[in-house]
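A quick write-up on the structure given underneath.
All chains are named by letter (A, B, ...) in the order of the sequence lines, taking the proteins before the strands, and each is independently numbered beginning at 1.
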Amino acid sequence: MSDAAQIPLSARAAAVAARAAPWLEGLNPAQRAAVEALDGPVLVLAGAGTGKTRALTARIAHILASGHARPHEILAVTFTNKAAREMRERIARNLGEVVEGMPWLGTFHSICVKILRRHAELAGLKPSFTILDTDDQIRLMKQVISAAGIDEKRWPARGLAQIIDGWKNRALAPDRLPAAETGAFDGQGPALYAAYQARLLALNAADFGDLLLHVVTIFQRHEDVLADYRRRFRHILVDEYQDTNIAQYLWLRLLAQGSRTICCVGDDDQSIYGWRGAEVGNILRFEQDFPGATVIRLEQNYRSTPHILAAASGLIAANAGRLGKTLWTELEEGEKVRLIGHWDGEEEARWIGEEIEALARGTRGLDPVPLDGIAVLVRAGHQMRAFEDRFLTIGLNYRVIGGPRFYERQEIRDAMAYLRLAVSPEDDLAFERVVNLPRRGIGEKALQTIRTLARERGTGLVGGARHAVTARLIGGRGGQALGQFLQALGRWHADVLEGRTGHVALAETILDESGYTAMWQQDRTPEAPGRLENLKELVKALESFENLQGFLEHVALIMDNDSDDGGARVTLMTLHAAKGLEFPAVFLPGWEDGLFPSQRSMDESGLRGLEEERRLAYVGITRAERLCTISFAGNRRVYGQWQSALPSRFIDELPAAHVEVLTPPGLYGGGAGAAGMGATGAPGSAFEDRVARADVYNSPGWRRLQTRAAAPAAVPARRGGDGRQPGFAIDDRVFHSKFGYGTVIASEGDRLDVDFDKAGAKKVLASFLTAAPGPDDIPF
DNA sequence: CCTCATATACTTTTT
DNA sequence: GTATATGAGG
């Protein structure tokens with residue numbers, strides 16, 4: 001059987017093989033080629049909806065079944081735990097129950113943790129190192145910045161975190177920074193980076209970036225270790241290769257030089273994580289990086305109708321430097337991509353809400369689309385509110401994907417800090433997080449004392465605190481409370497070590513004795529009950545783990561939380577979160593220049609940013625199976641201010657032949673159009689009416705028409721960054737978001753004295769003011 | 001040390 | 001408009 005792959009099969013033999021190998025059944029020729037090309041590097045360019053996961057899992061099944069490698073000799077990497085889980089399940093389904101293990105199927109990060117635990121000393125860590133999340137990372141950087149005597153206001157920790165992450169994404173250790181980088185962060189970047197890394201080692205901790213950086217560094221500096229893994233991994237498979245960063249690329253290349261049988265699957269047109277360090281260049285350069293590579297294109301799309309594919313293809317064609325693919329489908333033509341403009345964001349939400357109800361009911365000769373087959377995909381999180389508001393008022397079931405995940409919530413992170421502390425009392429970051437939570441009267445001053453003592457005695461903060469208590473260096477209430485806290489901590493830690501109390505019961509005890517649960521029980525804010533609920537869930541989640549340590553490791557790496565509790569609901573999420581998903585009907589609102597493509601993206605990354613935004617648009621359209629509706633609004637409230645915008649430039653790039661322009665309600669006879677469509681329910685009637693109107697609307701001047709109707713030059717009011725307003729002069733009329741209109745009476749640099757019509761005279765910063773329009777300029 | 005008010009920022013977010 | 005960070009005053 002092991003030779004089956006290499007020998008060309010006659011049709012009959014193929015049928016026999018297929019019967020014996022169910023994973024090969026129904027694969028198209030390109031997919032089959034991707035499965036069977038087991039020699040040398042392979043790049044599978046898999047367009048949206050072309051059965052990429054299918055090919056990837058079939059390939060693994062094929063490798064295993066044909067005896068090319070055993071489960072533990074296959075390295076299969078994904079970006080998300082979800083993808084890893086899916087792959088595992090599908091392989092199992094392909095092969096029946098025979099799959100054992102596959103210990104090296106996982107995310108880049110989880111695999112790196114596994115490797116790093118084995119060789120921790122080579123990176124200066126102990127095998128028990130803890131993994132810091134973004135929150136811990138920022139806290140630590142704050143400490144490093146203030147320790148260096150730098151004004152944390154002018155040079156915020158977030159900024160430093162971004163710079164350091166950027167370096168780690170490119171596998172640049174502190175001692176290997178190129179000269180071009182030394183100016184970063186006011187010239188202090190490199191020194192702060194070194195200090196931060198030193199702190200991490202002292203804490204026996206690694207952040208996400210370190211997981212890869214350390215492993216790459218170990219591979220580069222310890223040939224024997226690398227050789228071992230090279231021998232081990234006879235086959236390497238990579239999912240979503242277009243999303244790899246430089247560190248991941250180096251990691252893969254180092255490993256692939258052993259077996260050379262690396263198979264990367266990806267789509268350059270769906271690279272949307274450049275801002276996180278992903279390098280489209282990795283996939284574009286594949287053939288140079290891996291000489292002799294076979295490139296296989298998966299171009300038959302099984303998801304979307306021809307109009308949808310054509311619209312997406314036409315749009316993405318505007319990007320330069322693509323590898324290029326021609327997606328095709330055997331599906332029936334279906335509906336054109338629908339395009340509609342609205343007066344403002346609220347009307348857009350209203351219209352989409354009505355459309356969704358109509359779709360769910362089944363109108364216009366289309367089969368009813370269940371709510372869970374419908375998605376609204378937005379560019380930015382703040383667009384979601386308008387839809388939530390609307391869906392709530394019309395009683396439409398919806399669910400929001402994304403947002404703060406379970407393990408990122410404050411109460412969960414607090415509880416986790418308690419558990420971390422019980423497992424390892426030397427976890428200083430955890431200590432700082434909870435020592436005064438609930439309030440124990442241990443403030444900044446007490447903490448400072450503890451820090452000093454800890455440093456002097458070379459212990460962790462817990463050690464410092466112990467000393468502070470015995471030496472009575474912290475007075476009164478605080479000292480007493482701290483003593484009790486330390487005592488409790490000692491008990492919990494002993495319990496962990498003994499392992500006599502079950503870890504679930506122990507967790508409950510900890511949350512109870514610490515007063516943390518009580519703190520939320522006494523909290524009268526509306527979110528308190530929800531938080532208590534979450535804490536219960538956390539304890540429940542513990543049940544499926546052997547012990548606390550195992551749970552903590554899991555949580556550090558696995559931050560997902562898709563609990564699906566039945567009930568058909570519309571899905572509301574960002575375009576980024578939608579990658580890899582598909583829906584019969586998709587709504588893409590907010591296609592306005594500045595919002596989508598995002599102004600910031602273009603400001604920061606220029607053409608590269610614009611192209612990534614375009615890929616995001618491409619991802620959005622290709623999520624749709626049968627119906628895709630794009631919309632924009634002429635006016636929108638952004639951070640409480642009205643702003644007007646032009647339709648997105650991406651709209652101009654859609655091929656007109658595959659787009660149907662709908663008439664907005666409100667133009668040509670009021671909003672009855674959309675409502676009437678649902679109300680009559682008669683397939684076709686309102687629809688044909690609309691097409692006739694759309695023809696008028698679709699004349700060459702349609703966009704100008706729309707623009708004129710929708711753009712009453714509102715006063716631009718950009719704030720923050722470089723969006724600062726030019727100076728104001730005495731007697732200028734100004735507007736303040738809180739105090740309303742007023743007149744400038746004095747100015748002193750940024751600070752102005754303004755006499756507000758309603759609120760009286762106030763001192764305010766110029767950046768809070770916008771020039772007030774004269775009576776003629778007021779919108780509407 | 002705590003609380004309240006005022007100031008400020010704010011895309012996207014696989015791990 | 002909201003979430004968070006800081007500073008004054010209690």
Side-chain angles (χ1 to χ4, degrees), chain A residues 77-84 106-113 131-134 137 142 152-153 156-158 162 165 168-169 206-212 239-240 243-245 248 272-278 377-386 389 401-405 407-408 410 436 439-447 474-478 481 527 554-560 573-580 590 594-605 609 612-613 615-616 619 637-642 718-721 723 737-738 762-765 767-768:
Chain A
V77 263
T78 65
F79 277 86
T80 66
N81 293 293
K82 195 172 151 210
T107 64
F108 276 101
H109 294 268
S110 67
I111 289 169
C112 281
V113 171
I131 300 160
L132 303 189
D133 63 24
T134 328
Q137 202 188 345
K142 272 188 182 151
E152 221 258 297
K153 262 191 161 154
R158 291 207 153 277
Q162 226 178 334
D165 278 345
K168 289 183 177 177
N169 286 337
D207 64 22
F208 284 128
D210 281 340
L211 299 177
L212 266 142
D239 192 18
E240 306 277 20
D243 289 335
T244 50
N245 62 33
Q248 287 156 341
I272 55 173
Y273 284 103
W275 50 275
R276 261 189 144 258
L377 310 180
V378 297
R379 171 71 245 267
H382 62 74
Q383 288 171 264
M384 289 190 193
R385 183 171 2 204
D389 284 352
I401 306 276
R405 279 175 293 268
Y407 290 114
E408 282 169 10
Q410 186 192 330
N436 198 30
R439 299 257 136 87
R440 295 191 176 90
I442 297 148
E444 196 44 46
K445 220 178 101 214
L447 207 54
I474 294 171
R477 232 161 13 118
E527 55 268 23
H554 169 85
V555 170
L557 288 172
I558 293 166
M559 293 278 210
D560 57 12
M573 65 180 143
T574 64
L575 287 160
H576 282 92
K579 194 171 75 157
L595 213 200
F596 191 37
S598 135
Q599 190 59 47
R600 186 135 161 201
S601 183
M602 293 187 293
D603 288 349
E604 277 170 16
S605 316
E612 182 155 311
E613 295 283 307
R615 291 192 291 266
L616 202 46
V619 167
R637 252 166 98 132
V638 184
Y639 303 134
Q641 301 262 27
W642 281 99
R718 273 217 288 144
R719 259 207 289 127
S737 62
K738 205 166 184 174
K762 303 261 180 209
K763 279 190 196 303
V764 277
L765 288 172
S767 54
F768 281 98

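When each of B/dT11, C/dA5, B/dT3 is scored by its nearest atom to the side-chain atoms of A/Arg439, the top-ranked nucleotide is B/dT3. Proximity note for A/Tyr639 (side chain, C-beta onward) versus C/dG1, B/dT13, B/dC2: the nearest is C/dG1. Between B/dT12, B/dC1, B/dT11, one nucleotide has an atom nearer to the side chain of A/His576 than all others, and that is B/dT12. Of all nucleotides listed (B/dT13, C/dG1, B/dT15), B/dT15 comes nearest to the side chain of A/Thr107. Of all nucleotides listed (B/dT11, C/dG1, B/dT13), B/dT13 comes nearest to the side chain of A/Arg276.
The backbone N or O of A/Arg276 lies less than 3.5 Å from a partner atom in the side chain of A/Asn169, making a donor-acceptor pair. No donor-acceptor pair closer than 3.5 Å links the side chain of A/Gln641 to the backbone N or O of A/Val638. Proximity of a side-chain donor or acceptor of A/Asn436 to a complementary backbone N or O of A/Gly441 within less than 3.5 Å is detected.
Residue-to-nucleotide proximity on DNA chain B shows that, of A/Glu613 and A/Ala446, the 5′-proximal contact is made by A/Ala446. Comparing A/Glu240 and A/Asn436 along DNA chain B, the residue whose closest nucleotide (by nearest heavy atom) sits nearer the 5' end is A/Asn436.
Distance, A/Leu616 CG to B/dT13 P: 10 Å, rounded to whole Å. Between the CD1 atom of A/Ile272 and the C1' atom of B/dT12 there is a distance of 8 Å, rounded to whole Å. Whole-Å rounding puts the A/Gln248 CD to B/dT15 C1' distance at 9 Å. The NE2-C1' distance, from A/His382 to B/dT13, rounds to 15 Å in whole Å. For the pair A/Trp642 CH2 and C/dG1 P, the computed distance is 12 Å after rounding to whole Å. A/Arg385 places its CZ atom 11 Å from the C1' atom of C/dA3, with the value rounded to the nearest Å. Distance A/Asp389 CG to C/dT2 P: 10 Å, rounded to the nearest Å. Nucleotide B/dT13 holds its P atom 12 Å from the CG atom of A/Leu377, rounded to whole Å.
Among the protein residues, A/Gly478 comes within range of no part of the nucleic acid, since none of its heavy atoms lies under 4.0 Å from any strand. When heavy atoms are screened at a 4.0 angstrom cut-off, A/Ile442 is found touching the sugar-phosphate backbone but no base atom. At the heavy-atom level, A/Lys579 lies nowhere under 4.0 Å from the strands shown. Looking at heavy-atom distances under 4.0 Å, A/Arg379 makes contact with a base. Among the protein residues, A/Glu604 comes within range of the nucleic acid bases, having at least one heavy atom under 4.0 Å from a base atom. In this structure, A/Gln410 reaches neither bases nor backbone, as no heavy-atom distance under 4.0 Å exists between it and the strands shown. Among the heavy atoms of the strands lying under 4.0 Å from A/Tyr273 is at least one base atom, whether or not backbone atoms are also near. Among the heavy atoms of the strands lying under 4.0 Å from A/Thr574 are primed sugar atoms or P, OP1, OP2 only; no base atom is included.
With sequence neighbours left out, A/Glu612 forms a salt bridge (charged side-chain N to carboxylate O under 4.0 Å, His left out) with A/Arg615. Evaluation of the salt bridge (charged side-chain N to carboxylate O under 4.0 Å, His left out) rule for A/Asp165 yields no partner, not counting sequence neighbours.
Residue A/Arg158 has no polar side-chain atom (N or O) positioned under 4.0 Å from OP1 or OP2 of B/dC10.
With a 4.5 Å cut-off on side-chain heavy atoms, A/Trp275 and A/His576 count as touching.
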